[in-house]
Amino acid sequence: MQPRRRAPAARWFALAALVLVAAGCAPQSVTEEGRAIYGLYNLFLYIAAVVYVVVAGLVIWSVVRYRRRDDELPKQTHGNNRLELAWTAIPFVIVLFLFVATLQAQHKVLDPVAQPGVKVTVTAFQWSWRFAYEGTGVEVIGTPERVPELVVPVGQTVRVKLESADVVHSFYVPQTLFKRQAIPGITSEFDLTFEKVGLYHGACVQFCGLQHTDMVFRVRVLSQGEYQSWLAAARRGAAGQPGT
């Protein structure tokens, strides 16, 4: 019986690289604010990949270059000011650069615009959501049997005022790359500017009780004209929210 042939090292390396890249992929965001988060995430990922390649390359080079050939020890280096300065300064510069990039992305995500196009108070309660549109009298109240929809216009900034009526909940729409906790007694405000028309699923991702899994909702992003038509119909009491 012939011995089993080993796969080339390059094949295993390519497979490992593919797994790492797939594991590090973040979904594209559908909001203007999420694009800043996506860009920052990728920046961290690229720098981490470069650091990994450099460190792994140096380790492999050291293993090959200084592998044991006989009983004689290789030349020993006891202290090198240039090397020590380099491996101290380079990580410091990288961390400082990432810190500044994080502040810039945080500024983009968290700083509110002066005049949002839509203002919605989102109230989380056991076990669903209430969306109240400020200045319109329109409210959407969900139940575990009927999934509520937050209807918003594309291209306009939506100011969300997040509240909780009972326990700690969490407002999360994965395709926005943004999550915020709803804490009783505290109103949390943030902006979302959707750039694509579509239907996006959201949920409470903070365990809040026995029916936690029922706390789902949808964000329906409409064109400007469709949103105005929906809002007019909702004001007349003619708009209903579809169930699951």
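What you see is a predicted model; the values in this text were computed from it and never measured.
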Peer 1: Rounded to the nearest 0.5 Å, what's the gap from CD on Q175 to OG1 on T31? Could you check?
Peer 2: 10.0 Å
Peer 1: What about the rings of F217 and F171, do their centers lie closer together than 6.0 Å?
Peer 2: yes
Peer 1: Kindly check if the number of other-residue, nucleotide or ligand heavy atoms within 6.0 Å of CG (L210) is above 12?
Peer 2: no
Peer 1: Same cluster for L231 and F194 if Ile/Leu/Val/Met/Phe/Trp/Tyr side chains link at under 4.5 Å?
Peer 2: yes
Peer 1: Going by atom types only, do E226 and S229 share a side-chain donor-acceptor pair under 3.5 Å?
Peer 2: no
Peer 1: For atom CG of N81, is the number of surrounding heavy atoms from other residues, nucleotides or ligands below 6.0 Å larger than 12?
Peer 2: no
Peer 1: Is the distance between the ring centroids of Y172 and W129 under 6.0 Å?
Peer 2: no
Peer 1: Within a strict 4.5 Å, meaning less than it, do heavy atoms of the C208 and V168 side chains meet?
Peer 2: no
Peer 1: May I ask you to test the Q126-H169 pair for a side-chain heavy-atom distance under 4.5 Å?
Peer 2: yes
Peer 1: Is the shortest side-chain N to carboxylate O distance from R159 to E134 below 4.0 Å?
Peer 2: no
Peer 1: Would Q181 and S170 count as a side-chain hydrogen bond (donor to acceptor under 3.5 Å, both in side chains) here? Give the steps.
Peer 2: CA-CA 4 Å; Q181 282 192 323; S170 186; 5.5 Å; no
Peer 1: Out of curiosity, E189 CD to K161 NZ, how far, rounded to the nearest 0.5 Å?
Peer 2: 5.0 Å
Peer 1: In the single-linkage hydrophobic clustering (I, L, V, M, F, W, Y; side-chain heavy atoms under 4.5 Å), do F44 and F178 co-cluster?
Peer 2: no
Peer 1: If you look only at pairs with a residue in residues 45-62, which of them pass as a salt bridge (charged side-chain N to carboxylate O under 4.0 Å, His left out), with sequence neighbours excluded?
Peer 2: none
Peer 1: Kindly say whether V113 contributes a backbone atom to a donor-acceptor pair with the side chain of D191 at under 3.5 angstrom?
Peer 2: yes
Peer 1: For residues T143 and R146, determine if any side-chain heavy atom of one lies less than 4.5 Å from a side-chain heavy atom of the other.
Peer 2: yes
Peer 1: How many angstroms lie between CG in L177 and CG in L40, if you round to the nearest 0.5 Å?
Peer 2: 11.0 Å
Peer 1: Decide side-chain contact (heavy atoms from CB on, under 4.5 Å) for V152 and L222; before the verdict, give the C-alpha distance in whole Å, the side-chain angles of both, and the deciding distance to 0.1 Å.
Peer 2: CA-CA 6 Å; V152 298; L222 304 177; over 6 Å; no
Peer 1: For the pair R35 (side chain) and Q28 (backbone), establish whether a donor and an acceptor sit closer than 3.5 Å, ignoring hydrogens and angles.
Peer 2: no
Peer 1: Under the rule for ring-ring contact (aromatic ring centres under 6.0 Å, His included), what residues qualify as partners of H201, not counting sequence neighbours?
Peer 2: none
Peer 1: What heavy-atom pair brings V197 and S223 nearest, and what distance separates the two atoms?
Peer 2: CG2-N, 4.1 Å
Peer 1: Taking all non-hydrogen atoms of both residues into account, name the closest pair between A182 and S164 and its distance.
Peer 2: O-CB, 3.6 Å
Peer 1: Keeping the roles fixed (side chain from D214, backbone from W127), state whether a donor-acceptor pair exists under 3.5 Å.
Peer 2: no
Peer 1: Dump the intermediate steps for side-chain contact (heavy atoms from CB on, under 4.5 Å) on L98 and L43, then the final yes or no.
Peer 2: CA-CA 8 Å; L98 292 176; L43 177 62; 4.2 Å; yes
Peer 1: Which atoms form the tightest heavy-atom contact between A86 and P91, and what is the distance?
Peer 2: O-CD, 4.1 Å
Peer 1: Which heavy atom of Y200 sits nearest to which heavy atom of K196, and what is that distance?
Peer 2: OH-O, 3.1 Å
Peer 1: What's the separation between atom SG in C204 and atom NE2 in H212, rounded to the nearest 0.5 Å?
Peer 2: 5.0 Å
Peer 1: Between I141 and F125, what is the shortest heavy-atom contact and its length?
Peer 2: CG2-CZ, 4.2 Å
Peer 1: Take atom CD in E84; do more than 12 heavy atoms of anything else shown fall under 6.0 Å from it?
Peer 2: yes
Peer 1: Would V167 and F207 show up in the same hydrophobic cluster when neighbours are defined by side-chain heavy atoms closer than 4.5 Å?
Peer 2: no
Peer 1: So, the side chain of T136 versus the backbone of Y133: is there a donor-acceptor pair under 3.5 Å, distance only?
Peer 2: yes
Peer 1: Going only through I, L, V, M, F, W and Y residues with side-chain contacts under 4.5 Å, is there a path from L162 to V205?
Peer 2: no
Peer 1: Honestly curious: do L110 and I183 fall in one hydrophobic cluster under the side-chain, below-4.5 Å linking rule?
Peer 2: no
Peer 1: With rounding to the nearest 0.5 Å, note down the distance linking CD in E139 to OG1 in T121.
Peer 2: 9.0 Å
Peer 1: What's the verdict on side-chain contact (heavy atoms from CB on, under 4.5 Å) for R130 and V122, showing C-alpha distance, side-chain angles and the deciding distance?
Peer 2: CA-CA 6 Å; R130 179 173 70 91; V122 176; over 6 Å; no
Peer 1: Check whether any side-chain heavy atom of V138 lies under 4.5 Å from a side-chain heavy atom of W230, and answer yes or no.
Peer 2: yes
Peer 1: Might you point out which heavy atoms bring V118 and Q156 nearest each other, and give the distance in Å?
Peer 2: CG2-OE1, 3.9 Å
Peer 1: Checking T193 now: which residues fulfil side chain to side chain donor-acceptor pair (under 3.5 Å) with it, not counting sequence neighbours?
Peer 2: E33, T157
Peer 1: What's the spacing between L83 CG and T88 OG1 if we round to 0.5 Å?
Peer 2: 10.5 Å
Peer 1: Looking at E195, is its backbone amide N or carbonyl O close enough to the side chain of E32 to form a donor-acceptor pair, meaning the two atoms are under 3.5 Å apart?
Peer 2: no
